[in-house]
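Inspection log for the structure reproduced underneath, given as structure tokens.
Predicted model only: the values in this text are computed from it and were never measured. Here is the naming used below: chain letters follow the sequence lines, and residue numbers restart at 1 for every chain.
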Amino acid sequence: MAAAAPERPPPVLSRDRLAADTLVAARAILGARLVRDPGDGAAERRVGRIVEVEAYIGEGDRASHARMGPTPRNRVMFGPAGIAYVYLVYGMHHCLNVVTGPDGYPAAVLLRSAVPVDGAPSMRTARLERAMASRRADRDDPAAAAARLAGVPDARLALGPARLAAAFGVERRHDGIDLLDPSSPIRLEPGAADDLAGSVEATPRIGVDYAGPEWASRPWRFVLVPEADRSGGAERAR
DNA sequence: CAAGCGATTGGCT
DNA sequence: GCCAATCGCTTGT
């Protein structure tokens, strides 16, 4: 294999690293693996390589759920680093964050996209189950829902924050679990050398126009771009 | 208690 | 490009 480009130093996925600086933590999470053990109907171990994340930093960040101070929904954002913050958006989609920053300071990294490394069939099944659970149209026409999912290439099963959460079966009940605990059913693990290949692009965060131009334009979205794709303009991981 | 609104996605024009 | 889906959380009366 041609190691043409200089490789980034392996990101350290320690709690200390996640607790220090959220922008550094976001880059450390890129290329790491999201792992879900078999269970809850899934026979396979699911593993994904994280390729897109966003940082939300402090109560002053007008795009962050922490902007109103601690509330029942966002309370884990104010806790220690490495914990999962899971919320429901638009009444149907779950999103998974890794809490970052010092204990007491509200910050998190939203996991926006992952590429399957193992267990893609289980991810597909979980996507379908989630669709059936949350969309009346899919309950009314299960065949159409199944056909839609059948047409999704493996590589796209976990692209997008709600698709990532659905592929890994993440739900609100996982809010507060420790993603750095090896005994957690869902957790982060260091990426293999190949997982880390590529370069990091920073762009504005997606879907946060409500925060106003100053905050919406901050380049706090990070995408791990394969070297082969570096030719053109800004990449979309989806 | 009422009401407005999403850190998104999928379907349709 | 536009828009509906769908409901928990937050705020205001």
Side-chain angles (χ1 to χ4, degrees), chain A residues 22-23 25-26 29-30 34 50-78 83-101 106-114 123-124 126-153 156-176 202-223 236-238:
Chain A
T22 296
L23 295 179
I29 290 167
L30 275 184
L34 181 64
I50 298 166
V51 296
E52 182 192 3
V53 300
E54 279 176 0
Y56 291 85
I57 309 175
E59 286 193 44
D61 179 356
R62 303 306 291 168
S64 173
H65 288 171
R67 65 189 181 279
M68 295 306 184
T71 68
R73 178 176 69 162
N74 69 20
R75 61 184 179 76
V76 307
M77 285 187 75
F78 289 77
I83 304 302
Y85 167 46
V86 181
Y87 64 89
L88 185 68
V89 273
Y90 299 109
M92 62 182 91
H93 302 301
H94 292 284
C95 291
L96 172 63
N97 298 253
V98 182
V99 173
T100 57
V109 171
L110 171 66
L111 304 187
R112 287 193 61 92
S113 291
M123 295 183 195
R124 192 180 303 275
R127 282 283 307 276
L128 181 57
E129 286 177 355
R130 183 63 211 156
M132 299 283 287
S134 62
R135 295 186 52 187
R136 169 180 286 280
D138 287 334
R139 273 195 301 278
D140 290 347
D141 194 348
R148 186 178 72 238
L149 263 299
V152 177
R156 303 185 60 82
L157 284 170
L159 300 192
R163 298 189 190 113
L164 183 154
F168 283 83
V170 176
E171 299 172 29
R172 276 236 67 195
R173 64 194 195 83
H174 298 113
D175 191 48
T203 83
R205 293 172 292 183
I206 305 295
V208 296
D209 286 349
Y210 61 83
E214 178 180 337
W215 290 98
S217 66
R218 296 214 176 197
W220 287 356
R221 169 177 177 257
F222 302 96
V223 182
R236 285 259 156 143
R238 30 189 308 214

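Across every non-hydrogen atom of A:D138 and A:M132, the tightest pair is O-SD, 3.3 Å. The minimum heavy-atom distance linking A:A158 with A:F168 is given by the pair CB-CE1, 4.4 Å.
Of the P atoms belonging to B:dC5 and C:dC3, the separation is 16 Å, rounded to the nearest Å.
Rounded to a whole Å, the CZ atom of A:R163 is 17 Å from the P atom of B:dA7. Put simply, CG on A:D138 is 14 Å from C1' on C:dA4, counting in whole angstrom units. Straight-line distance from the CG atom of A:D141 to the P atom of C:dA5: 16 Å, rounded to whole Å. Nucleotide B:dA7 holds its C1' atom 15 Å from the CH2 atom of A:W215, rounded to whole Å. Taking atom NE2 of residue A:H94 and atom C1' of nucleotide B:dA7, one finds them 15 Å apart after rounding to whole Å. To the nearest angstrom, P of B:dT8 lies 14 Å from CG of A:L96. The separation between A:L164 atom CG and B:dA7 atom P is 17 Å, rounded to whole Å. Straight-line distance from the CZ atom of A:R218 to the C1' atom of B:dA7: 16 Å, rounded to whole Å.
Within a 6.0 Å sphere centred on CZ of A:R172, other residues, nucleotides and ligands contribute more than 12 heavy atoms. Few gaps surround CZ on A:R139; more than 12 heavy atoms of other groups in view lie less than 6.0 Å from it.
Using a 4.0 Å heavy-atom distance criterion, A:R148 is classed as a sugar-phosphate-only contact. Across all strands shown, A:A162 has heavy atoms under 4.0 Å from sugar-phosphate atoms exclusively, and none from any base. When heavy atoms are screened at a 4.0 angstrom cut-off, A:R62 is found touching no nucleic acid atom at all.
Judged by distance alone, with hydrogens and angles left aside, the side-chain atoms of A:R130 form no donor-acceptor pair with the main-chain N or O of A:H94 at under 3.5 Å. In terms of modelled atom types and a separation under 3.5 Å, the side chain of A:R205 and the main chain of A:A55 share a donor-acceptor contact.
With pairs defined as Watson-Crick or G-U wobble and both atom distances under 3.5 Å, the stems of at least three pairs that touch DNA chain C come out as B:1-6 with C:7-12, B:8-12 with C:1-5.
In this model, the phosphate group of B:dG10 is approached by a side-chain N or O of A:R127 to a distance below 4.0 Å at OP1 or OP2. Applying the 4.0 Å criterion to OP1 and OP2 of B:dA7, one finds that A:Y210 has a side-chain N or O inside that range.
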For a quick check, with a 4.0 angstrom heavy-atom cut-off, what is the B/S/- contact string for nucleotides 6-13 of chain C, read 5' to 3'?
BBSSSS--
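Partner of A:R112 under the side-chain contact (heavy atoms from CB on, under 4.5 Å) criterion, out of A:I206, A:L164, A:V53: A:I206 alone.
Annotation: ring pair (Phe, Tyr, Trp, His ring centres under 6.0 Å) contacts of A:Y87 (sequence neighbours excluded): A:H65, A:Y85.
Between A:R67 and A:E59, none of the side-chain N atoms (NZ, or NE/NH1/NH2) sits under 4.0 Å from a carboxylate O, so this pair counts as no salt bridge.
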